[in-house]
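Structure first, commentary second.
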Amino acid sequence: MTKTFTPSRPIWCAGCGDFGVLQALVSALEELKIPPHERMVVAGIGCSGSLQNNLSCYGYHTLHGRVLPTVTGSKLANPELTVVGVGGDGDGYAIGGGHLVHAFKRNPGVTYIVMNNGTYGLTKGQASPTAPTGYQDNLEEDLDPVMLGLSIPGSTFLARAYSGQPAQLLDLTLAALKHTAEGGGMSYLEVLSPCVTYNDTYRDWRTSVYDVDAEEGYDPTNRAAAFTRMQELREEKRLPLGLIFKGQRHALESVALNKDFPAPALQDIGRPDISGVCNDALQSFIR
Ligand SMILES: Cc1ncc(C[n+]2csc(CCOP(=O)(O)OP(=O)(O)O)c2C)c(N)n1
Ligand code: SF4
Ligand SMILES: [Mg+2]
């Protein structure tokens, strides 16, 4: 990147929770001194998917539900980038739900932030996988993606924040970026981010959130105990916030890339053996 563009102003409704997520991400990237040309932000489709237009970065608006394969590919192509995926609950848990399972399992060095508002905001308020029973005549039980993440042994960082509590949201965004920067692999941060137009949950969530960071004896390194606590809190109709689980496992790029399979963006394309392979590939399309 030789020039930076001026980020556009958000197009969200006044009061949308996504403003808080943008503010936290911008502040965390600044605090960690990650310059714009080292940031790659990939967004899904939805109101939340416009976030990458509102900060200085390499940005890419990918296909609906395809944030995780795109960020995984970006990190493998250039592991020197700070790669962040952002999107909605519809994007990440419905059409993209299969990718979430495999991303937890693969543990690529990316941060994935999901703005969960329990609805498809952009398409005017249909029930998403996290919508409660009864919302828009939803007959189904809501999905808890943090519990899904806990059930997959490869996951290494699972947290939940609330855009109505900006100090904790910033702390968790910083912790997520640091986990990944230190080689820990994928940091997954779900943010409860109310949609004031189609599912205004501010009043409900203000009283139902529960902070495990403040709970004496809560151990985020104990996967089984964390799962049990999440289940108890769910039965009490509470929404757990905080660092829910932090484990250790190698990041995908640390084992997938090596001297026989180097990162494509870091290869010297002037080398004759590489330019020969590139030319052969190009010729094969022309033939
Ligand atoms: C393949 C495909 N299917 C459906 C759509 C229509 N669509 C656009 S956004 C969206 C859901 C958005 O919900 P969510 O991901 O929760 O984002 P939000 O708008 O709530 O931030 C859908 C179904 C689409 N764009 N592409
Ligand atoms: S429709 Fe909902 S999710 Fe979309 S910008 Fe407005 S408040 Fe935010
Ligand atoms: Mg949504």
Side-chain angles (χ1 to χ4, degrees), residues 7-26 41-55 59-71 84-104 110-138 140-146 148-149 159-166 169 173 188-206 208-209 239 241:
S8 58
R9 284 165 60 106
I11 53 170
W12 300 312
C13 310
C16 177
D18 297 355
F19 283 99
V21 180
L22 173 65
Q23 181 59 50
L25 182 58
V26 170
V41 181
V42 176
I45 304 296
C47 296
S48 43
S50 64
L51 187 143
Q52 46 93 15
N53 296 322
N54 309 135
L55 74 160
Y60 184 62
H61 205 178
T62 188
L63 295 176
H64 196 25
R66 302 299 182 259
V67 169
L68 286 167
T70 311
V71 289
V84 179
V86 295
D89 45 329
D91 189 84
Y93 305 151
I95 191 169
H99 293 299
L100 181 63
V101 169
H102 291 279
F104 281 139
V110 302
T111 295
Y112 181 41
I113 302 175
V114 178
M115 284 153 268
N116 177 9
N117 53 17
T119 189
Y120 292 178
L122 188 72
T123 50
K124 302 191 179 211
Q126 299 82 6
S128 78
T130 50
T133 314
Y135 172 76
Q136 303 283 25
D137 297 330
N138 180 27
E140 301 169 16
E141 188 79 7
D142 61 294
L143 176 79
D144 184 331
V146 170
L148 173 72
R160 188 185 279 120
Y162 171 39
S163 54
Q165 293 184 188
L169 171 57
T173 307
Y188 162 73
L189 173 62
E190 175 177 89
V191 185
L192 302 175
S193 180
C195 168
V196 289
T197 302
Y198 297 110
N199 190 24
D200 190 349
T201 46
Y202 276 114
R203 192 187 292 262
D204 287 352
W205 287 354
R206 197 175 300 131
S208 53
V209 291
L239 288 166
L241 302 180

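What you see below is based on every heavy atom in this structure, not just the backbone, and it leaves out hydrogens, waters and symmetry mates. Counting starts at 1 for both ligands and their atoms, following the listed order.
At distances below 3.5 Å, at least one donor-acceptor pair connects side-chain atoms of Asp91 with backbone N or O atoms of Gly65. A donor-acceptor distance shorter than 3.5 angstrom exists from the side chain of Asn199 to the backbone of Asn117, with no hydrogens or angles considered. Judged by distance alone, the side chain of Asp89 and the main-chain N or O of Thr130 form no donor-acceptor pair under 3.5 Å. Side chain of Asn138 to backbone of Ala127: no donor-acceptor contact under 3.5 angstrom is found. Side-chain atoms of Ser163 come within 3.5 Å of backbone N or O of Leu192 as a donor-acceptor pair. Judged by distance alone, with hydrogens and angles left aside, the side-chain atoms of Asn54 form no donor-acceptor pair with the main-chain N or O of Pro7 at under 3.5 Å. Not one N or O on the side chain of Ser128 forms a donor-acceptor pair closer than 3.5 Å with the backbone of Gly90. Judged by distance alone, the side chain of Trp12 and the main-chain N or O of Phe19 form no donor-acceptor pair under 3.5 Å. Using a distance-only test at 3.5 Å, with no hydrogens or angles considered, a donor-acceptor pair links the side chain of Asp200 to the main chain of Tyr202. Formation of a donor-acceptor pair under 3.5 Å by the Thr62 side chain with backbone atoms of Val67 is not found in this model.
Selection from Leu51, Ile95, Asn199 by nearest heavy atom to atom 1 (C) of ligand 1 gives Ile95. Looking at Gly17, Ala131, Ser48 and measuring to atom 17 (O) of ligand 1, the nearest heavy atom belongs to Ser48. Distances from atom 8 (C) of ligand 1 to the heavy atoms of Asp91, Thr123, Val86 put Thr123 nearest.
The aromatic rings of Trp205 and Tyr162 stand perpendicular to each other, their planes meeting at an angle above 60°, with 30° marking the opposite boundary.
Which parts of ligand 1 touch Cys47 is read off a 4.0 Å heavy-atom cut-off, strictly below it: atoms 18 (P), 19 (O), 21 (O). The distance from ligand 1 to the heavy atoms of Leu122 drops below 4.0 Å at these ligand atoms: 9 (S), 19 (O). Here is the list of ligand 1 atoms found below 4.0 Å of a heavy atom in Gly90: 14 (P), 15 (O), 16 (O). Ligand 1 places these atoms under 4.0 Å from at least one heavy atom of Ile45: 8 (C), 9 (S), 12 (C), 15 (O), 25 (N).
Using a 4.0 Å cut-off between heavy atoms, Thr119 contacts ligand 1 through its backbone alone, with no side-chain atom that close.
With Val21 as reference, Leu51 is the one residue of Val26, Leu51, Thr173 to meet the side-chain contact (heavy atoms from CB on, under 4.5 Å) rule.
Nearest protein heavy-atom neighbour of atom 13 (O) of ligand 1: Tyr120 CA, 3.4 Å. For atom 22 (C) of ligand 1, the nearest protein heavy atom (residue, atom name, distance) is His64 NE2, 3.3 Å. For atom 16 (O) of ligand 1, the nearest non-hydrogen atom of the protein is Asp89 OD1, 2.6 Å.
Side-chain contact between Val42 and Val84: absent, with no pair of heavy atoms (C-beta onward) separated by less than 4.5 Å. Contact of the Thr133 side chain with the Glu141 side chain is registered, since non-hydrogen atoms from C-beta on lie closer than 4.5 Å.
Polar contact check, Gly121 against ligand 1: a nitrogen or oxygen pair lies under 3.5 Å apart. Annotation: Asp18 places no N or O atom under 3.5 Å from an N or O atom of ligand 1; distance criterion only.
Protein residues having at least one heavy atom under 4.0 Å from any atom of ligand 2 are Trp12, Cys13, Cys16, Cys47, Asn117, Cys195, Val196, Thr197, Tyr198, listed by chain and number.
The minimum heavy-atom distance linking Ala161 with Leu169 is given by the pair CB-CD1, 3.7 Å. What you find for Thr119 and Gln126 is that their closest heavy atoms are OG1-O, 3.1 Å.
Protein atoms that are N, O or S and lie under 2.8 Å from the Mg ion (ligand 3) are these: Asp89 OD1, Asn117 OD1, Thr119 O.
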